[in-house]
Structures are given as C-alpha cells and as structure tokens.
Amino acid sequence: MRNARAHDPNGRRVVHRHGSWEVRAGVDLQLWDPEREVSLLLPSPYVAEFFELLTPTGWPLEIHDYGVLVHLAESRFQITLPPWAHLRAWLRWHIRTARISCERAELASVHLLQPSALR
C-alpha cells in the first residue's frame, strides 16, 4: 500500500467533478468523494502501476484491473466508480499536462543556465 498520506486530498487541486467525485491532480491523479471520504489513487509511473481504493474504514484495496475494482467497490462498499472511459481521458490529460509542465521547466532551466552574453 502507498503511504496513507498519499490519500490526503489537500495535496492536490480539483481539476474536474464527476457526480460526487472530485478529480484531483498532483504528482498522480486522485478521485475523492468528500461526502463518503473515499479515495481512489490512479496508476501513475511516478507512484505505482495499480489502482488503490481507501475507504473510511481504512481498508485499502490495491488492484491492477479496473473492472474487478469496480465490481469489488460496488459489492463490498456500495461505491459506484466512474466509467473507465472517463478515467482514461483524465489520465491522458494528466500525462499531457505533466509533460508540458516538464518541457516548460526544462526550457526555463536552459534559459537560466545560458551565459548572459548568449541571451
């Protein structure tokens, strides 16, 4: 399991809402249901390659297959997760945004490292 603090929604900004779910972005993407205090961390090459669901009971569920996760979340916790197509779109957006941010940071650092005579 990832560190329990990884599920703290305060370290991420809300970038989208889907029903009761907030889509929060940081190093990784998180779905957060503030009413039920349920957190779902999405796979990320930066943190882990699996989904991790954390419920208020503190029982984490780590799984690679989203379809299986949807079934378990509904049958064990009565939690309805968003459709896979939505998650895929949010993940693509996050990867694209992270890449653009990295490219901008690289350009800024190259600019800062150039001797003043070359500017």
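Counting only distance, with no hydrogens or angles, the side chain of H64 and the backbone of E49 share a donor-acceptor pair below 3.5 Å. For the pair H7 (side chain) and L53 (backbone), a donor-acceptor distance under 3.5 Å is absent.
Counting heavy atoms from C-beta on, the side chains of L31 and L42 come closer than 4.5 Å.
To the nearest 0.5 Å, atom CD1 of residue I79 and atom CG of residue L40 are 9.5 Å apart. Here R96 contributes atom CZ and L91 contributes atom CG; the two are 11.5 Å apart, rounded to the nearest 0.5 Å. Note that NE2 of H94 is 13.0 Å distant from CZ of R24, once rounded to the nearest 0.5 Å. Rounding to the nearest 0.5 Å places CD of E52 at 10.5 Å from CG of L69.
Residues passing the ring-ring contact (aromatic ring centres under 6.0 Å, His included) test with W84 are Y66, sequence neighbours excluded. Scanning for ring-ring contact (aromatic ring centres under 6.0 Å, His included) contacts around H71 gives an empty result, with sequence neighbours left out. For R76, the side chain to side chain contact (heavy atoms under 4.5 Å, CB included) partners at least two apart in sequence or on another chain are W59, L72. Partners of T55 by side chain to side chain donor-acceptor pair (under 3.5 Å), not counting sequence neighbours, listed by chain and number: T57. When the side chain to side chain contact (heavy atoms under 4.5 Å, CB included) test is applied to V15, the partners found at least two apart in sequence or on another chain are R13, V23, A25, W93. For W21, the ring-ring contact (aromatic ring centres under 6.0 Å, His included) criterion is met by no residue, not counting sequence neighbours.
Between W90 and H16, the ring planes lie tilted relative to each other; the angle falls in the 30° to 60° range.
A pairwise comparison of heavy atoms in L41 and A6 identifies CD2-O, 3.7 Å as the closest pair. In terms of heavy atoms, T80 sits closest to E74 at CG2-OE2, 3.9 Å. What you find for V38 and P56 is that their closest heavy atoms are CG2-CD, 4.0 Å. A pairwise comparison of heavy atoms in P34 and S20 identifies CD-O, 3.5 Å as the closest pair. Minimum heavy-atom separation, H18 to P83: NE2-CD, 3.9 Å.
Counted within 6.0 Å of CD on Q78, heavy atoms from surrounding residues, nucleotides or ligands total more than 12; the atom is thus considered enclosed.
L29 and V14 fall into different hydrophobic clusters, defined by Ile, Leu, Val, Met, Phe, Trp and Tyr side-chain heavy atoms under 4.5 Å apart, directly or through other members. Side-chain heavy atoms closer than 4.5 Å link hydrophobic residues (I, L, V, M, F, W, Y) into clusters, and following such links, even through other members, never connects W32 to F50.
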